[in-house]
Amino acid sequence: MARSDREQKLRAFPWVIGLLLALACGPGGQQGAPGALEPPAGARPGNGELAALMKARGLTEQDVEAALRTYTPTGGRDEYLLFASGGHSGQVLVIGVPSMRILKVIGVFTPEPWQGYAYGDETSALLATGDRNGQPLTWADTHHPALSETNGDYDGRYLFINDKANARVAVVDLRDFVTVQIVNSTLIESDHGATFVTPNTEYVIESAQYPAPLGGRYAPIERFDEEYRGAVIFWRFDRERGRIVPEQSWAIETPPYMQDLADAGKLVSDGWVFVNSFNTERSWGGIAEGNPPMESGASQNDMDYLHIINWRQAEQAVADGKFEEIAGMKVIPLEVAAAEKILTFVGEPKSPHGVDVTPDGRELVVSGKLDTHATVYDFEKIRSLIEAGTFTGRDPYGVGILPFEEAIRGQVEIGLGPLHTQFDDQGNAYTSVFIESKVAKWSLADLALIEKIPVHYNVGHIVTAEGDTVSPDGGYLVSMNKWAIDRFNDVGPLLPQNFQLIGIDGEKMKLLYDLPIPLGEPHYAQMVRADKIKAIDVYTPIGINALTHERDPFAVEGGQERIERRPDGVHVFMTAVRSHFTPDVIRVKQGETVHLHITNVEQARDATHGFAIGSKNINLSLEPGEHANVSFVADRAGVFPIYCTEFCSALHLEMAGYLLVEPR
Ligand code: RUQ
Ligand code: CUA
């Protein structure tokens with residue numbers, strides 16, 4: 001919503017609440033909130049039902065206000081869509097804001113039965129592209145979703161998300177909210193600073209977290225300093241095709257520190273990428289071998305290093321052939337990156353976690369988990385220091401270190417355990433404060449704390465509307481809290497996570513809604529204006545393969561249904577329409593390979609059909625106009641019912657058939 005619309009809504013607010021409370025309290029009752037306006041002429045004081053309801057449910061005026069700001073009546077739409085990581089589930093959640101209703105769970109790194117994701121030939125093959133060295137993977141630790149950008153603004157076309165555990169990146173097409181690609185470089189073993197995009201989605205950034213010998217080699221851990229490394233991968237994205245192009249992607253080798261979160265420069269800082277790090281002590285644990293545990297070994301230094309990467313210069317270095325190939329990836333060696341000032345460092349206070357570039361691209365906000373401040377770096381100062389070669393020294397790998405005091409504008413005292421920062425449209429920054437379980441609002445111009453609001457509990461990331469763009473909207477902030485101890489009904493010892501919606505429009509931040517998240521620690525999310533997403537209604541023309549958005553070569557037209565025996569097996573060309581499959585009886589011999597090609601030939605919006613065969617681990621979701629293929633070996637003789645798994649019509653239960661596997 002445009003700011004003026006929102007302001008209008010807000011201005012209308014006290015009046016609405018005043019009216020409601022007046023209605024609720026009735027004559028002689030409490031006359032609404034202080035400062036509430038009189039109900040307009042014609043409106044009658046009510047009979048007290050609302051007051052009784054509030055009393056019965058123990059609701060305060062603030063609760064009623066929060067309800068009014070979030071309640072979305074049937075058929076209503078949300079202003080924003082939140083794309084949230086599904087954490088351990090390996091999925092992505094799509095949530096409406098302000099209603100906080102979950103609209104979709106997108107299968108990404110994990111099979112998703114309802115969507116038939118990884119139960120048909122194409123989607124199974126897609127998931128298998130995420131296998132690492134032949135090891136099938138059916139889960140992921142998803143952390144940071146990133147929307148594609150044009151000129152530093154979300155363009156609503158694609159979504160990227162990383163898998164920290166297995167160092168993978170996926171691409172979701174937002175025309176139909178379907179995962180279309182998984183890339184997986186065995187250069188690194190884990191990631192965390194992923195995914196982040198450059199302002200025109202030239203690159204999707206994935207930086208390693210836990211150092212290891214590059215390319216999956218073995219080296220003894222005593223050789224940590226010499227042989228273990230990190231890397232920052234720049235995955236080239238082809239916007240036309242909507243795919244990452246691995247052959248055009250490259251990486252920069254980094255020292256064996258634990259690279260953490262990243263952000264791309266924008267506007268004045270376009271062409272640069274910033275990556276945090278911790279454990280510049282290069283501690284590798286070994287508690288049982290007499291070493292300090294990693295957590296204390298890694299917290300000795302007062303400063304770790306913010307990695308400053310000049311990616312345009314790195315791109316040139318790759319074009320000039322200054323790379324080594326490791327695990328099929330072009331890698332700029334650390335010596336080259338250091339010597340050519342592709343990589344430079346500046347100190348960052350104690351175990352930093354978040355680095356966030358301000359909307360104007362001029363500054364970077366870094367927060368240290370063991371420091372009480374947010375530190376604001378000035379990009380122009382950083383650039384001039386790099387150009388002048390003003391280093392206070394070099395790290396053991398030869399990377400130049402800029403003078404901290406000369407690179408910053410200042411620091412803001414935030415509180416205990418500041419982590420991540422977001423921005424609004426009024427020049428304010430918001431930082432999550434983990435140990436205090438609060439969100440702090442502060443002024444970027446004066447570097448002064450304005451207000452803190454408690455959240456429940458263990459806040460990690462926060463996200464504001466359009467918060468990572470060059471023009472954030474303000475209005476809403478979602479606090480992504482880990483483990484809600486006492487916010488919901490008890491469901492056993494594993495606690496739900498808690499997304500709290502906070503209104504940031506008014507003078508004071510206001511907690512509006514709690515949404516429990518039941519499937520993993522969601523980490524991060526991005527919030528995009530809903531009208532930027534142009535999702536399709538149905539697949540047109542009929543016979544579209546959702547992974548290519550083109551007509552599938554095996555697409556079937558009505559009247560062309562048939563069963564053919566070919567050298568590679570039995571091909572069944574089938575259509576689905578309310579309320580039957582044609583053909584509905586499939587006769588094969590035990591041991592034959594069966595290839596099913598199924599087209600949903602409908603174009604009505606709600607005409608989705610499922611397709612399941614019992615005991616075969618097959619379930620497809622065929623949206624209107626969609627085509628899917630599924631192959632299997634009929635290795636066991638028997639009679640296998642086939643049926644549609646969506647209640648698609650009054651005769652849905654009759655949308656069934658049989659697979660008959662005759663014994664040899
Ligand atoms: S994380 S709680 Cu982004 Cu993976 Cu910070
Ligand atoms: Cu088609 Cu039920």
Side-chain angles (χ1 to χ4, degrees), residues 84-88 114 116 140-146 161-165 167 190-196 205-210 258-263 275-276 278 351-356 365-369 417-422 431-435 437 439 455 457-463 467-468 478-483 497-499 520-526 574-582 584 598-602 604 606-612 619-624 626 628 641-657:
S85 146
H88 310 65
W114 174 46
D141 186 13
T142 53
H143 278 232
H144 309 106
I161 188 151
N162 71 309
D163 166 16
K164 166 169 165 161
S190 63
D191 70 29
H192 193 240
T195 54
F196 298 87
I205 296 148
E206 181 190 24
S207 62
Q209 176 121 79
Y210 302 116
M258 291 176 181
Q259 280 77 29
D260 203 31
L261 278 199
D263 203 359
V275 186
N276 273 323
F278 59 97
S351 293
H353 187 43
V355 51
D356 295 282
V365 181
V366 170
S367 304
K369 303 181 291 262
L419 296 183
H420 299 288
T421 299
Q422 286 275 289
T431 300
S432 52
V433 197
F434 178 76
I435 297 174
S437 286
V439 171
V455 290
Y457 300 92
N458 308 320
V459 55
H461 280 272
I462 52 179
V463 59
D468 287 310
V478 174
S479 172
M480 285 162 267
N481 313 313
K482 305 160 198 299
W483 299 330
Q497 321 277 337
N498 187 8
F499 276 16
E521 184 193 338
H523 299 276
Y524 194 43
Q526 282 191 334
M574 182 185 284
T575 57
V577 71
R578 273 167 290 185
S579 301
H580 53 269
F581 297 109
T582 309
D584 54 359
I598 313 169
T599 304
N600 178 343
V601 293
E602 301 207 55
D606 61 346
T608 286
H609 298 287
F611 177 91
N619 183 46
L620 304 176
S621 177
L622 298 153
E623 273 64 77
E626 187 177 0
I642 293 172
Y643 72 101
C644 168
T645 51
E646 292 281 345
F647 206 103
C648 56
S649 72
L651 295 174
H652 147 77
L653 291 176
E654 290 80 351
M655 192 164 175

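This one's a predicted model, so the numbers in the text were calculated from it and none came from an experiment. Both counts, for ligands and for their atoms, begin at 1 and track the order of listing. Note that these values count all heavy atoms, side chains included, but never hydrogens, waters or copies made by symmetry.
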**Item:** Tyr457 OH: over 12 foreign heavy atoms closer than 6.0 Å
**Value:**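 Yes, enclosed.
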**Item:** Proximity flag Lys482 to ligand 1, non-hydrogen atoms under 4.0 Å
**Value:**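 True for this residue.
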**Asked** Checking side-chain contact (heavy atoms from CB on, under 4.5 Å) for the pair Arg578/Cys648: CA distance, chi angles, key distance, verdict?
**Response** CA-CA 7 Å; Arg578 273 167 290 185; Cys648 56; 4.3 Å; yes
**Asked** Does the side chain of Asn162 reach to within under 4.5 Å of the side chain of Glu206, using non-hydrogen atoms?
**Response**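 Not in contact.
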Any donor and acceptor pair, going by atom type alone, linking the side chain of [X] with main-chain N or O of [Y] inside 3.5 Å?
X      : Y      : result
Asp163 : Asp141 : yes
Ser432 : His461 : no
His609 : Glu646 : no

**Prompt:** What count do you get for protein N/O/S atoms less than 2.8 Å from atom 1 (Cu) of ligand 2?
**Reply:**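 Protein heteroatoms (N, O, S) closer than 2.8 Å to atom 1 (Cu) of ligand 2 number 4.
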Have [X] and [Y] got a donor and an acceptor in their side chains that come within less than 3.5 Å?
X      : Y      : answer
Asp260 : His192 : yes
Thr575 : Thr599 : no
His523 : His144 : no
Gln259 : Asp191 : no

**Message:** Return all protein N, O or S atoms below 2.8 Å from atom 3 (Cu) of ligand 1, chain by chain in residue order.
**Reply:**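 Those protein N, O or S atoms (cut-off: under 2.8 Å from atom 3 (Cu) of ligand 1) are His144 NE2, His461 NE2.
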